[in-house]
Asker: 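First the structure, then my questions, so here it is.
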Amino acid sequence: MARFRTWAGIALAGALTVSAAGCSSTGGKRAEDARAAAAAQGRAAVNTPRWTFAMITHSGDGDSFWDIVQSGAEQAAVKDNVDFLYSHDDEAQQQAQLVDAAVDKKVDGIIVTLAKPDALKAALARARKAGIPVVTVNSGSAESQRFGALTHVGQDESVAGEAVGDELNERGRKKVLCVLHEQGNVGHEQRCAGVRKTFDGDVQSLYVNGTNMPDVQSAIEAKLQSDASVDAVVTLGAPYADTAAKAKQDAGSSAEIDTFDLNAKVAAGLKSGRLGFAVDQQPYLQGYEAVDLLWLYRYNSDVLGGGRPVLTGPQIVTKDDAAALEEYTKRGTR
């Protein structure tokens, strides 16, 4: 496999939807555990108590990125003998209510994203008061420790943006369109700000409604038609890369399309040359390590990272890397 260019070291540790509900008999519980293990293609590797961990994210419906995060978490939960609960809502206040629901259920650990941290502050204070350990994941690294979390798992969004700016400089780009698909998401703002910090050319932000792909395509196409000097478009999520590529074609633009995050379509686009590069933050690893870190804390009072985020990226992935990653994107783990 080609060696990926990495801008940050990666530290590794080895409404709620219930992945495995309780049963009234020991036999039923064992059968249920066996089914869960088979579904995750593994089985528990430990004999620790059957703890319950809840993950609550800011994902909207049908977001493939979060399917990968959830898959990683579920795999680790099976290995760690954990009942795993997953819920999500892209409205910050609703996400906070889901955290409150997890606290009320007296779960043994909470994993949460902080895309809009202020809305989650009170709910996490309730978790802390209840003695429930919290790990933040994906977004909110700056607020994680201040809100009382054990640690944060993900990439530093500012560092990731800076890596993109460096890569665009190497590619000789002069004017970049940074497409933000979720207004109010602090991580998205940090990504574009990071690009501005290191990019030698001009960076313009374009805010779009990420829940309406036709509108996203129209907005990017209109911008490319009105400004032929834009020679690169950076989208902040893998599903938007393909949409940006269509907008480029319809606009008759020669701008390079680059993106944050990776999926099967992005890998194929890199391989064909339709996309220039992608920034991989390894969502499977984020889910997997978040569960593992909570398990380590419950089992041994271990805290990885020394108060600093456990970084899963960024990695700049190019055409040279696409073939090696393609099989993993197809199975949904990259």
Side-chain angles (χ1 to χ4, degrees), residues 11-59 66-88 95 98-114 123-124 126-128 130-138 144 148-154 282-305 310 312 332-333:
L12 294 179
L16 291 173
T17 301
V18 185
S19 294
C23 290
S24 58
S25 68
T26 302
K29 187 73 170 65
R30 288 174 178 169
E32 188 171 330
D33 290 348
R35 286 195 298 273
Q41 298 180 340
R43 62 182 181 180
V46 296
N47 61 356
T48 47
R50 188 75 175 177
W51 291 312
T52 298
F53 297 162
M55 174 182 276
I56 305 102
T57 75
H58 66 277
S59 169
W66 292 103
D67 292 341
I68 300 173
V69 175
Q70 184 179 351
S71 175
E74 288 173 342
Q75 290 272 331
V78 170
K79 174 181 66 69
D80 293 339
N81 194 35
V82 164
D83 279 336
F84 179 70
L85 317 177
Y86 180 78
S87 61
H88 65 93
Q95 186 191 6
L98 291 172
V99 174
D100 285 336
V103 173
D104 290 340
K105 280 181 173 285
K106 299 181 180 179
V107 299
D108 301 295
I110 290 175
I111 303 162
V112 65
T113 62
L114 298 178
L124 292 188
R126 281 194 68 215
R128 187 167 63 250
I132 300 173
V134 174
V135 168
T136 60
V137 65
N138 179 262
S144 177
L150 299 176
T151 192
H152 178 81
V153 183
Q282 303 186 104
Y284 179 90
L285 189 61
Q286 290 179 10
Y288 193 100
E289 289 305 314
V291 170
D292 252 7
L293 293 183
L294 277 179
W295 178 85
L296 285 166
Y297 181 77
R298 298 292 318 195
Y299 173 65
N300 206 43
S301 290
D302 288 323
V303 179
L304 191 64
V310 178
T312 63
T333 56

Asker: Quick one: do Ile110 and Val103 satisfy side chain to side chain contact (heavy atoms under 4.5 Å, CB included)? Show the steps, please.
Answerer: CA-CA 8 Å; Ile110 290 175; Val103 173; 3.9 Å; yes
Asker: Where do Val137 and His152 come nearest, in terms of heavy atoms and distance?
Answerer: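 Shortest heavy-atom contact: C-CE1, 3.7 Å.
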Asker: Over all heavy atoms of both residues, which pair between Ile68 and Tyr284 is shortest? Give the atoms and the distance, please.
Answerer: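 Minimum heavy-atom contact is CG2-N, 3.5 Å.
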Asker: Can you check whether Trp66 reaches Asn138 side chain to side chain, under 4.5 Å on heavy atoms?
Answerer: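 The answer is yes, as the side chains (C-beta and beyond) meet within the 4.5 Å cut-off.
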Asker: If you define the side chain from C-beta out and look only at heavy atoms, does anything of Lys106 sit under 4.5 Å from Thr52?
Answerer: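 No; the side chains remain at least 4.5 Å from each other.
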Asker: May I ask you to decide if Gly305's main-chain N or O and Thr151's side chain share a donor-acceptor pair within less than 3.5 Å?
Answerer: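 Absent.
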Asker: Considering non-hydrogen atoms only, spot the tightest contact between Gln95 and Ile56 and give its length.
Answerer: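 Residues Gln95 and Ile56, closest heavy atoms: NE2-O, 3.3 Å.
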Asker: Evaluate side chain to side chain contact (heavy atoms under 4.5 Å, CB included) for Asp83 paired with Trp51, printing each intermediate quantity in order.
Answerer: CA-CA 6 Å; Asp83 279 336; Trp51 291 312; over 6 Å; no
Asker: Going from CE on Met55 to NE2 on His88, what distance comes out if it is rounded to the nearest 0.5 angstrom?
Answerer: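 It comes to 12.5 Å.
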Asker: Roughly how far, to the nearest 0.5 Å, is CZ of Arg50 from CG of Asp108?
Answerer: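 Separation between the atoms: 11.5 Å.
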Asker: Lys105 vs Asp100, test: salt bridge (charged side-chain N to carboxylate O under 4.0 Å, His left out). Steps then yes/no.
Answerer: CA-CA 9 Å; Lys105 280 181 173 285; Asp100 285 336; over 6 Å; no
Asker: Any side-chain heavy atom of Phe84 sitting closer than 4.5 Å to one from Val78?
Answerer: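 No. Closest side-chain heavy atoms not under 4.5 Å.
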Asker: Roughly how far, to the nearest 0.5 Å, is the CG atom of Leu85 from the CD1 atom of Ile111?
Answerer: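 Answer for the CD1-CG pair, Ile111 versus Leu85, is 10.0 Å.
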Asker: What is the minimum heavy-atom distance between Phe53 and Val291, and which atoms define it?
Answerer: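 Looking at all heavy atoms of both residues, the closest pair is CE1-O, 3.7 Å.
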Asker: Looking only at atom types and distance, does a side-chain atom of Asp302 sit under 3.5 Å from a main-chain N or O of Tyr297, one as donor and one as acceptor?
Answerer: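 Side chain of Asp302 to backbone of Tyr297: no pair is present.
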Asker: Start with the C-alpha distance between Tyr288 and Leu293, add both sets of side-chain angles, then the distance that settles side chain to side chain contact (heavy atoms under 4.5 Å, CB included), and finish with yes or no.
Answerer: CA-CA 9 Å; Tyr288 193 100; Leu293 293 183; over 6 Å; no
Asker: When rounded to the nearest 0.5 angstrom, what is the spacing between CG in Leu150 and CG in Leu294?
Answerer: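 Going from the CG atom of Leu150 to the CG atom of Leu294 covers 6.5 Å.
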Asker: Atom CD of Gln286 and atom OG1 of Thr57: how far apart are they, to the nearest 0.5 Å?
Answerer: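 That separation rounds to 11.0 Å.
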Asker: What closest approach, in Å, do Val99 and Ala123 show between heavy atoms, and which atom pair accounts for it?
Answerer: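 Distance-wise, the nearest heavy atoms are CG1-CB, 3.7 Å.
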Asker: Does any part of the side chain of Tyr86, heavy atoms only, come nearer than 4.5 Å to the side chain of Glu74, both counted from C-beta?
Answerer: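 A side-chain contact is absent here, since even the closest heavy-atom pair is not under 4.5 Å.
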Asker: Run the side chain to side chain contact (heavy atoms under 4.5 Å, CB included) check on Ile132 and Val107 step by step: do they pass?
Answerer: CA-CA 7 Å; Ile132 300 173; Val107 299; 4.2 Å; yes
Asker: Does any non-hydrogen side-chain atom of Leu296 lie less than 4.5 Å from one of Leu304?
Answerer: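 The answer is no, as the side chains (C-beta and beyond) never meet within the 4.5 Å cut-off.
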Asker: Can you measure from OH (Tyr299) to CG (Asp80) and round to the nearest 0.5 angstrom?
Answerer: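 Answer for the OH-CG pair, Tyr299 versus Asp80, is 11.5 Å.
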